[in-house]
Structure formats: structure tokens, C-alpha cells
Amino acid sequence: MAENAFRAPRGTRDRFPEDLVLLRHLERTARRLARNYGYGEIRPPLFEETRLFTRSLGEASDVVEKEMFTVARRGEGEEEGAGWTFRPEGTAGVARAYVQGGFAARAPLQKWFYLGPMFRYERPQKGRERQFTQFGVEAFGSASPLLDAEVVDLCVRFFQALGLGEALEVRVNTMGDPADRERWRRALRAFFEPRLGGRCADCRSRFERNVFRLLDCKVEACRRDNESAPALREHLGEESAGHHRRFLEALQALGLRAEEDPGIVRGLDYYTRSVFEVHYPPLGARSALCGGGRYDGLVEEVGGPPTPGVGFAIGFTPLELALQELGLPPQEDLRDLQEELRPQVYVVAITGGERLPALRLASRLRAEEGLRTALDAREKSPRAQFKEAGRSGARFAVVLGPEEHAACRAVVRDLQGGEEVPVGLEALGSWLRERLGA
RNA sequence: GUGGGCGUAGCUCAGGGGCUAGAGCACCAGAUUGUGGCUCUGGGGGUCGGGGGUUCGAAUCCCCUCGCCCACCCCA
């Protein structure tokens, strides 16, 4: 390759027909499950005002601090947050659309899903890309813990539909409501302030901005220090505690084994009460396939009336890795998508005189008979055409030579068995469709 | 942002100072001028990532640089 040739931007990749088979299967599985659970598709824009993300995700979140693909607003000054940012996650844009669409007043309960690319300006590595596909669902307008459980159920069923089942772990926690968190925040600040000297630089800088982040510090000394820190559950109000209890009950009723994990503290500011992750442990440090939870303050945060909400997001990049590792999904689930890549019929022109009739015949088979029909695009020899026909995976070669053309028929060769029969052009389409079961 | 590994044909890789840089796969053509998958024969394709240096001579040694991958951080 010439050294001045263009390359795809770092952290992105080209998806070619063959590897789109798996992605398309993931997409259709997601759509099917979402539809069965009553979620309708929503497609907000791929970019939003930068302010939307800084507001909803939190100034101190890693995503906002260093992972945003931001475009400056033209002409005007560079005041903070004045530009646009390619969405690093889906929830903020969907919440904004909910508010802008006026749903809070006219139809507050809305269950939506989205499917599409997200963008984060990170250093790429295995299972992490700068552009990646996410499937997410968001349900607005209900504070019921049963809905939290239903969302977890949908998520698990999605993975099960792909063949992942036994290997999955559901981990849940509660983040409390704003009042709980305020009590907890004060307790944490009181706890950490005298100990800051022994903490890492990250912790010291995060102490002021977001004291909760000290809890998921990965520095060994800080982690030990965290063991004696006050726990949220000690500060949970009656309502939050009840919500969590009923969430767990509902999970149990659904037959979902969930592990309580106080270490789950979603990195984005908007979460309240229920939070959960679905893990595939063999993936190690990157085992989280799904993250989600309740965000009762988010709609208000982006300018709407107080409206509860709950949802999750699944990144397809780590999911594809997990599936690959397990040899999933089963081949037969992908067969129809793979077959779509192959022609059913290959039209061969023997001499130059049949090129145009072959082109016309192929057009007819494609458009009028609905058959995936291939035709030599390079004006090659008959031998090379048969070779290509065999390689293409087509079942039949339709051969047009001078004699056939003169007699208004074609010779149809079965590329699996090898036998040949003459078929009149009039009847060719139905003849082929019958044998292809099309 | 920090640390590590690797860059030779479209792909996977050999070659680690000396002839015109190789193999397998893939691609193209022919053997078979109207018939594929197998086989055989031939062919196209490389500024050895880029720049500089050492040397009579560099893909090979040294320096710089770029790119990719992996790990940490964080997350999907």
C-alpha cells in the first residue's frame, strides 16, 4: 500500500459484508426483543450540544473530562460548552428528545430503544473503539421497581437469545436518591478529608469535584483505605430501601439470580437507586457487557419536569468478543444472513453476442423474479465465468450461447450436481424459483 | 495521559550486513478457443512503514519519527 494512502481513523474499522453478518444478527435480535417488551425505536441525532452531556453525565465523569468528540461552533467565541459533541452514550439524547417532544405532559410513560454508533475519544485497545455500536433501552414515566426488574430481564433475555446464558452474572446495587446521597456525601467527605494526605493525586483532585469517585479508585492503598469508608446503605432512606427491596423481589420472581455488589457505582452522574451490570467474567477486566440503572433526576436535569426513568446500554464490541470466544451464536442462526451474500443464479454469456441479452436476462431475473442473480462484470471468458459462478456459491448457472439465444432458451446447469437442461426463457423464472424454493 | 510489543506482497509469515528479497494463501491467464470446484504451468504484484546515520555494501546495525496492537486508567 502506498504510504500516503488514507487509513480509517484510529479506533474505527471498516465493516465488510462478511463481518456485518454478525452485527446485523445482533441488531435484529435486539429489535425483536425490544419490540416484544414494548419498546419502540427512537433515533435522535448522532450529535448534540456539548452542554447536554456535561450537564447529564457530570463534569467530573471520565467521559466528559477527556473522551468527547467535540466540534467547535463556527465563528462565535469559544465559550465553554458552546459546540457540539458526537454522542458518547445514548441516554442523554433520548432524555432530551423526551422533553423536547413534550411527552411528559401528553403521554408520560414512554418505552424506547436505540441502536447505533457512539463515539468516545479514548485510546483504543481490545474491546474498546472510538466508534462503537450500542443497543440501549430507556423507559420514562414510571418509578416502579418492577420496571427496573423488567429492564434487567430484557437485557438478560437478549444475551440468552444469542446463546450466552449460564456464563452471565447479574450484579445489582442501589445508589439511593438525592437525599440519601447528600447524607452519604457528607459522611464520605467527613471520612476522607482527614485522610487525603494518604491518597493518590487523582483522589485528591476528585475529592472536591466528586467524592464518590474516590470509591472506585484502583490504587491499591486507596482501595484498602476505602474498606472502612461509610456505606450508602447506612444512609438509605425508607423509600429508597423499600425500592431496592422490591427490585430484588421482582428479580427473584423473574428467576434472575442477581448478586448484590456495593462496588457498582456507575460512572455517570445521572444514576439514582437501582444500578446493575451484566458481566461475562471470562473477559476479565473488560467483562461488563451491559450497564444500566435508574435515573430519576435526569429529565429534570435536561430541562423537563421531574420524571423518573430507567434503562441500560449494551456495547456490541465486547459482546462480539465474548460471542467469538464461545463460538456463538450457532451457525444456523446466521445462515439466512450469510445466504443473502451469495447469488442464487449466475448468468453466463458464451460469446460477445450474448453479453447484452445476458445483461437483460439478469435484470429481469433480479427485478421481476426476485432472484439474486450474478453476471460477469469483467467480460471474461466463458471458462472464467463458470469458475466465478462456482466460487460465488450460486446454485444454478444460466448459460446463453448463440444457439440458445437464437432459440429463445437457455441451458441451466445445476452447479451442485452438474446436470444441464434446456429451459425456454419464458418459463425460466418460474423454473428457477420452483427449484430454489423462492 | 503512562508503560510494553510489533511494522517485509492483498493476507499469514520467513530472511538478522553481501548476487535480481522469498514461501504459502489469495488474485489473473493458459492447459480445456461452449462448462466451475481438483491438478499442472505461467504471470502480475514490494520505494522491506518513513527520514537520517554507520558501512565498499543496510530489509538486516544505530538514532529519530510515524503507524498499529496490547496493558493501565475508565467504560459498552
Side-chain angles (χ1 to χ4, degrees), chain A residues 1-13 26 57 60-67 87-91 115-136 155 200-203 206 213 216-220 222 264-268 277-280 283-292 312-322 346 348-354 376 378 380-405 410-420:
Chain A
M1 191 167 23
E3 85 281 0
N4 60 347
F6 289 106
R7 326 184 86 263
R10 181 170 216 191
T12 69
R13 66 191 153 131
L26 299 184
L57 307 182
S61 65
D62 270 27
V63 171
V64 168
E65 272 188 343
K66 52 195 185 194
E67 297 173 3
R87 60 182 188 188
E89 56 94 52
T91 304
L115 194 46
M118 305 292 159
F119 306 85
R120 291 189 195 176
Y121 203 147
E122 297 182 89
R123 193 94 152 236
Q125 60 176 282
K126 196 177 184 64
R128 188 171 75 188
E129 300 171 285
R130 287 183 174 181
Q131 179 181 329
F132 55 96
T133 302
Q134 236 180 31
F135 163 48
C155 176
C200 68
D202 262 351
C203 285
R206 282 168 174 166
R213 295 293 303 281
D216 51 40
C217 183
K218 293 298 184 288
V219 175
E220 187 51 39
C222 299
I264 294 181
V265 185
R266 317 249 73 239
L268 310 178
E277 291 177 356
V278 176
H279 284 253
Y280 174 62
L283 244 41
R286 302 204 27 74
S287 70
L289 296 179
C290 170
F312 69 68
I314 294 170
F316 281 1
T317 313
L319 173 58
E320 284 176 76
L321 284 174
Y346 192 106
V348 173
I350 297 298
T351 74
E354 291 84 55
D376 167 36
R378 292 177 286 186
K380 300 207 285 191
S381 71
R383 187 184 140 78
Q385 291 179 56
F386 278 101
K387 195 170 182 165
E388 192 167 85
R391 245 194 325 232
S392 75
R395 173 72 194 278
F396 293 108
V398 170
V399 186
L400 273 187
E403 292 128 52
E404 290 86 359
H405 183 227
V411 163
V412 181
R413 179 182 176 87
D414 184 329
L415 290 166
Q416 280 168 24
E419 58 275 8
E420 296 188 344

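So that the names make sense, note that chain A is the first sequence line, chain B the second, and so on, each numbered from 1. Bear in mind the structure is a predicted one, so any value in this text is a computation, not a measurement.
- For A:Gln125 and B:rC70, the shortest distance from a side-chain N or O to OP1 or OP2 is not below 4.0 Å.
- Between the P atom of B:rC75 and the CG atom of A:Asp62 lies a distance of 6 Å, rounded to the nearest Å.
- A sub-4.0 Å separation between OP1 or OP2 of B:rG36 and a side-chain N or O of A:Arg413 is absent.
- Atom P of B:rG22 sits at a distance of 15 Å from the matching atom of B:rG42, rounded to the whole Å.
- A gap of 35 Å separates the C1' atoms of B:rC69 and B:rG43, to the nearest Å.
- A heavy-atom distance below 4.5 Å is found between the side chains of A:Pro117 and A:Gln131.
- Closest contact between the side chain of A:Arg120 and the listed nucleotides B:rC75, B:rC68, B:rA29 involves B:rC75.
- A:Glu404 comes within 4.0 angstrom of a base, heavy atoms only.
- You won't find any donor-acceptor pair under 3.5 Å spanning the side chain of A:Arg383 and the base of B:rU35, going by distance alone.
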Subject >> Candidate pair A:Arg413 and A:Glu419, rule salt bridge (charged side-chain N to carboxylate O under 4.0 Å, His left out), full reasoning >> reply: CA-CA 6 Å; A:Arg413 179 182 176 87; A:Glu419 58 275 8; over 6 Å; no

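- Between the base of B:rA76 and the side chain of A:Glu122 there is a donor-acceptor pair shorter than 3.5 Å.
- B:rG34 atom P lies 16 Å from atom OH of A:Tyr346, rounded to whole Å.
- At whole-Å resolution of the value, CZ in A:Arg123 and P in B:rC75 are 19 Å apart.
- Under the rule for a side-chain hydrogen bond (donor to acceptor under 3.5 Å, both in side chains), the partners of A:Thr317 that lie at least two apart in sequence or sit in another chain are A:Glu129.
- For A:Glu122, the salt bridge (charged side-chain N to carboxylate O under 4.0 Å, His left out) test picks out A:Arg128, with sequence neighbours left out.
- Using atom P as the reference point in both B:rC70 and B:rA31, the two lie 48 Å apart (nearest Å).
- Within residues 386-398 of chain A, the residues that place at least one heavy atom under 4.0 Å from RNA chain B are, in residue-number order, A:Phe386, A:Lys387, A:Gly390, A:Arg391.
- With hydrogens and angles left out, the side chain of A:Glu354 and the base of B:rG34 share no donor-acceptor pair within 3.5 Å.
- Whole-Å rounding puts the A:Met118 CE to B:rC75 P distance at 17 Å.
- Between A:Glu388 and A:Arg378, at least one side-chain N (NZ, or NE/NH1/NH2) sits under 4.0 Å from a carboxylate O, which counts as a salt bridge.
- Between A:Arg383 atom CZ and A:Ile350 atom CD1 the span is 13.0 Å, to the nearest 0.5 Å.
- Side chain A:Arg128 to base B:rC74: a donor-acceptor pair is found below 3.5 Å.
- Atom pair A:Arg7:CZ and B:rG50:C1' shows a separation of 13 Å (rounding to whole Å applied).
- No contact: A:Glu89 has no heavy atom under 4.0 Å from any strand.
- Residue A:Gly418 is in base contact, counting any heavy-atom pair closer than 4.0 Å across all strands shown.
- With hydrogens and angles left out, the side chain of A:Gln385 and the base of B:rU35 share no donor-acceptor pair within 3.5 Å.
- Under the 90° criterion around 0 for the glycosidic angle, B:rG16 counts as syn.
- Take A:Thr351 and apply the side-chain hydrogen bond (donor to acceptor under 3.5 Å, both in side chains) test, not counting sequence neighbours, and it matches A:Glu354.
- By the side-chain contact (heavy atoms from CB on, under 4.5 Å) test, A:Val64 is found to be paired with A:Thr54, A:Leu57, A:Ser61, A:Met68, residues two or more places apart in sequence or in another chain being considered.
- Distance alone, capped at 3.5 Å, is enough to place a donor-acceptor pair between the A:Asp376 side chain and the A:Lys380 backbone.
- Residue ring and base: A:Phe132 counts as stacked with B:rA76 (centre distance below 5.5 Å, interplanar angle below 30°).
- Nucleotides B:rG46 and B:rA21 are separated by 9 Å at their C1' atoms, to the nearest Å.
- Separation of the C1' atoms belonging to B:rG15 and B:rG53 is 24 Å when rounded to the nearest angstrom.
- For A:Pro124, the side-chain contact (heavy atoms from CB on, under 4.5 Å) criterion is met by A:Arg10, A:Arg130, not counting sequence neighbours.
- In this view, A:Glu65 and A:Arg209 satisfy the salt bridge (charged side-chain N to carboxylate O under 4.0 Å, His left out) rule, not counting sequence neighbours.
- For A:Glu277, the side-chain hydrogen bond (donor to acceptor under 3.5 Å, both in side chains) partners are A:Arg266, A:His279, not counting sequence neighbours.
- A:Val399 comes within 4.0 angstrom of a base, heavy atoms only.
- Using a 4.0 Å heavy-atom distance criterion, A:Arg13 is classed as making no nucleic acid contact.
- Distance A:Ile264 CD1 to B:rA76 P: 11 Å, rounded to the nearest Å.
- The separation of B:rG37 from B:rG44, taken at their P atoms, amounts to 23 Å, rounded to a whole angstrom.
- Between A:Leu57 atom CG and B:rA76 atom C1' the separation is 14 Å, expressed in whole Å.
- B:rA14 and B:rA23 have their P atoms separated by 16 Å, given to the nearest Å.
- RNA chain B contains the following stems of three or more consecutive Watson-Crick or G-U pairs, with both distances under 3.5 Å: B:1-7 with B:66-72, B:10-13 with B:22-25, B:27-31 with B:39-43, B:49-53 with B:61-65.
- Residue order along RNA chain B, read from the 5' end via each residue's closest nucleotide, puts A:Pro124 first among A:Pro124 and A:Ala313.
- The gap from the C1' atom of B:rG45 to that of B:rG3 amounts to 39 Å, rounded to the nearest Å.
- A:Lys66 comes within 4.0 angstrom of no nucleic acid atom, judged by non-hydrogen atoms across all strands.
- Rounding to whole angstrom units, NZ of residue A:Lys126 and C1' of B:rC75 are separated by 17 Å.
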